[in-house]
2 protein chains.
Amino acid sequence: MFGRLLKQLERRDRVSEEERLLVERLPVTRRSFQNGQELVQEGSRPGESCLVISGFTARAQLMRDGKRQFTAVHIPGDFVDLHALMLKIMDHSVVALGPCEAAFIPHASLIALIESAPHLGRLFWLSTVIDAAIQRSWITNLGRRSPSQHIAHLVCELYLRLEVVGLVEGPSFNFSATQTEVADMVGLSLVHVNRTIQELRAEQLLSWRNGTITINDFNRLVSYADFDATYLSLNKEPR
Amino acid sequence: MFGRLLKQLERRDRVSEEERLLVERLPVTRRSFQNGQELVQEGSRPGESCLVISGFTARAQLMRDGKRQFTAVHIPGDFVDLHALMLKIMDHSVVALGPCEAAFIPHASLIALIESAPHLGRLFWLSTVIDAAIQRSWITNLGRRSPSQHIAHLVCELYLRLEVVGLVEGPSFNFSATQTEVADMVGLSLVHVNRTIQELRAEQLLSWRNGTITINDFNRLVSYADFDATYLSLNKEPR
DNA sequence: CGGCAAATTGACACATCTCAAAGCCTGTGG
DNA sequence: CCACAGGCTTTGAGATGTGTCAATTTGCCG
């Protein structure tokens with residue numbers, strides 16, 4: 001249940017055996033969701049925080065006129081809703097992109113864990129701070145990268161993040177989002193996203209069919225997208 | 001020195017006298033910066049975190065081709081660089097928007113403080129999580145709001161944040177950014193920002209001259225921008 | 001008064017959106 | 001095994017939005 005979360009933590013710092021046990025003993029409720037269902041609702045006051053076990057989820061914000069924007073994508077092992085622990089009232093919802101499973105942990109257990117194991121607490125803090133760093137890179141993508149660079153950048157990000165949790169197979173990985181959903185990630189219209197992906201295919205930068213993305217030459221994609229992995233904090237060191 | 005930071009914390013939760021003293025006794029180095037100078041550099045490994053005392057700063061990311069995007073604006077009392085405490089390597093720089101002063105605090109002192117006062121530690125965590133919430137709203141601004149709604153939204157945000165730290169006078173506040181800088185906040189060209197601000201003025205939604213913004217009718221601006229203050233976590237409650 | 005940074009304007013090229021239709025793929029029922 | 005429905009992807013065409021370039025105006029400071 002916590003395997004992929006621990007992989008992510010261990011990628012960034014040493015996790016002691018004792019800390020691992022503390023995490024694994026957290027009381028959890030496991031729930032399954034269908035495409036489009038909300039794991040967490042905008043405006044709600046969650047009493048527990050959720051962790052993605054399988055499948056993809058996204059943070060979503062809705063506007064009065066019905067327009068939607070995703071502000072983050074979350075993958076298995078992401079402790080998505082740790083933010084709620086401090087925020088209390090949700091500023092966004094978390095929705096399933098395709099079928100997914102999540103584990104819910106009561107806030108009280110998390111607070112107790114953090115007070116008894118401060119270093120683990122800092123690793124949870126780190127996780128929310130990495131979310132913030134990813135969001136900053138999305139802002140730069142939206143503001144200053146061309147649509148094709150933007151999508152290329154997103155693909156680089158997903159590739160590296162999925163690699164950490166063991167969900168990349170060679171040059172390929174699974175990513176079930178529809179083009180309508182990608183449009184809500186990159187702030188463009190569906191039609192334009194479609195044309196942009198075709199452009200990337202034509203440039204041989206990637207292939208994207210039936211929910212599978214394949215990257216022929218990762219370095220070329222990185223260079224095309226002006227991608228710099230620093231923001232993912234993939235370095236292991238004392239935190 | 002810590003007055004405005006404490007105002008921000010007290011707006012979100014009770015801060016005990018003891019906690020207040022712990023904060024005020026933190027060892028600090030105070031430094032002044034000119035317009036455009038970097039308080040923190042992208043790619044660096046800061047050994048201390050900074051707090052804005054006076055003036056405005058922004059988080060900036062640069063692209064190879066020289067394009068710049070601001071991913072956040074910070075005001076007096078913001079503990080801007082708390083992120084560095086967990087990130088270790090900076091994914092962005094922090095630059096001065098006009099003259100400003102900042103206090104720098106060694107990471108070791110912060111870690112010690114957090115371990116001895118976990119509740120204060122959570123309030124610092126909260127501060128980074130609010131930064132993330134603000135960044136999410138910027139993503140939605142960039143992706144799904146029109147330029148005029150975007151700028152109106154930004155103004156609403158600044159108004160409420162500055163009010164918390166006592167920097168609003170009636171319907172007006174000071175905001176020294178140039179239109180070139182605003183362009184890098186909203187991801188548009190300078191020319192387009194200029195025309196958009198003129199549009200807002202023509203609609204009587206705000207006036208913006210010589211670094212002073214005046215809002216005639218805040219509710220109308222809120223409604224125009226589709227602004228919802230939830231993401232600023234302005235509610236006082238146990239965290 | 002002269003000089004400089006910031007704000008403003010105009011004209012034109014190009015990017016992106018919207019609307020509407022067609023094509024493609026998959027699962028289901030007959 | 002085939003026909004069909006529904007969701008997703010792809011295409012075309014015209015309307016708008018936004019960027020760029022280059023010039024002008026404004027406001028402040030020495």
Side-chain angles (χ1 to χ4, degrees), chain A residues 34-37 56 58 63 65-70 95-99 140-152 174-203 206-214, chain B residues 34-37 56 58 63 65-70 95-99 141-152 155 174-203 206-214:
Chain A
Q34 297 302 312
N35 188 10
Q37 280 191 305
F56 293 92
M63 296 185 40
D65 62 7
K67 286 204 279 271
R68 177 176 68 167
Q69 176 72 40
F70 290 134
V95 306
L97 300 178
T140 301
N141 280 343
L142 281 156
R144 295 299 184 210
R145 270 184 255 265
S146 69
S148 58
Q149 279 187 306
H150 187 163
I151 292 181
N174 214 274
F175 186 58
S176 53
T178 64
Q179 293 186 0
T180 301
E181 288 162 340
V182 174
D184 285 337
M185 294 172 198
V186 299
L188 296 171
S189 67
L190 162 63
V191 172
H192 206 65
V193 163
N194 181 280
R195 289 178 173 137
T196 303
I197 291 176
Q198 287 180 54
E199 199 182 317
L200 291 170
R201 285 200 277 246
E203 297 279 349
L206 49 81
S207 101
W208 187 337
R209 295 265 175 218
N210 304 321
T212 300
I213 298 178
T214 303
Chain B
Q34 297 303 312
N35 187 10
Q37 280 192 303
F56 294 92
M63 296 185 42
D65 62 8
K67 286 204 278 271
R68 178 175 68 168
Q69 176 71 40
F70 290 134
V95 306
L97 299 177
N141 280 343
L142 281 156
R144 296 299 183 211
R145 270 185 255 264
S146 69
S148 58
Q149 279 187 305
H150 187 163
I151 292 180
V155 170
N174 212 277
F175 186 57
S176 54
T178 64
Q179 293 186 359
T180 301
E181 288 163 341
V182 174
D184 285 337
M185 294 172 196
V186 299
L188 296 170
S189 67
L190 162 63
V191 172
H192 206 66
V193 163
N194 181 281
R195 290 180 171 136
T196 304
I197 291 176
Q198 288 180 54
E199 199 182 317
L200 292 170
R201 284 199 279 244
E203 297 279 349
L206 51 80
S207 101
W208 187 337
R209 295 267 176 214
N210 305 321
T212 299
I213 298 178
T214 303

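Numbered from 1 within each chain, the chains take letters A, B, ... in sequence-line order. Keep in mind that the numbers below use all heavy atoms, side chains included, and drop hydrogens, waters and symmetry copies. Since the model is a prediction, treat every value here as computed from it, not as a measurement.
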Query raised in the report: Are the side chain of B:Arg201 and the backbone of B:Trp208 linked by a donor-acceptor contact shorter than 3.5 Å?
Result: yes
Report summary line: Taken in chain and number order and not counting sequence neighbours, the residues that satisfy side chain to side chain donor-acceptor pair (under 3.5 Å) with B:Gln198 are B:Asn194
Report summary line: Residues at least two apart in sequence or cross-chain that pass side chain to side chain donor-acceptor pair (under 3.5 Å) with B:Asn210, listed by chain then number, are none
Query raised in the report: Where does the chain B footprint on DNA chain C start and end, counting 5' to 3' with a 4.0 Å heavy-atom cut-off?
Result: C:dA6 to C:dA11
**Report entry** Set of residues satisfying ring pair (Phe, Tyr, Trp, His ring centres under 6.0 Å) with respect to A:Phe56, sequence neighbours excluded
**Finding:** A:Phe175
Query raised in the report: Is the closest side-chain heavy-atom distance between A:Phe70 and A:Leu97 below 4.5 Å?
Result: yes
Query - salt bridge (charged side-chain N to carboxylate O under 4.0 Å, His left out) contacts in which one or both residues fall within residues 177-194 of chain B, not counting sequence neighbours - result: A:Arg144-B:Asp184, B:Arg68-B:Asp184
**Report entry** Contact list for residues 188-200 of chain A, test salt bridge (charged side-chain N to carboxylate O under 4.0 Å, His left out), sequence neighbours left out
**Finding:** none
Requested in this report: Measure the angle between the two terminal helix axes of the helix from C:dC1-D:dG30 to C:dG30-D:dC1, five base pairs each, and quote it to 10°.
Outcome: 30°
Query raised in the report: Would you call B:Arg145 and A:Gln69 a side-chain contact if the rule is heavy atoms closer than 4.5 Å?
Result: no
Query - Side-chain N,O (A:Arg201) to OP1/OP2 (D:dT9) below 4.0 Å - result: no
Query - Listed partners of B:Thr214 passing side chain to side chain donor-acceptor pair (under 3.5 Å), at least two apart - result: B:Ser172
Query raised in the report: Would you say a side-chain N or O of A:Asn194 is under 4.0 Å from OP1 or OP2 of D:dT10?
Result: yes
Query raised in the report: For nucleotides 12-30 of chain D, read 5' to 3', which letter fits each nucleotide if B means a protein heavy atom sits under 4.0 Å from the base, S means only the sugar-phosphate is that close, and - means neither?
Result: BB----SSBB---------
Query raised in the report: Excluding sequence neighbours, so at least two apart, what forms side chain to side chain donor-acceptor pair (under 3.5 Å) with A:Ser148?
Result: A:Ser146, A:Tyr224
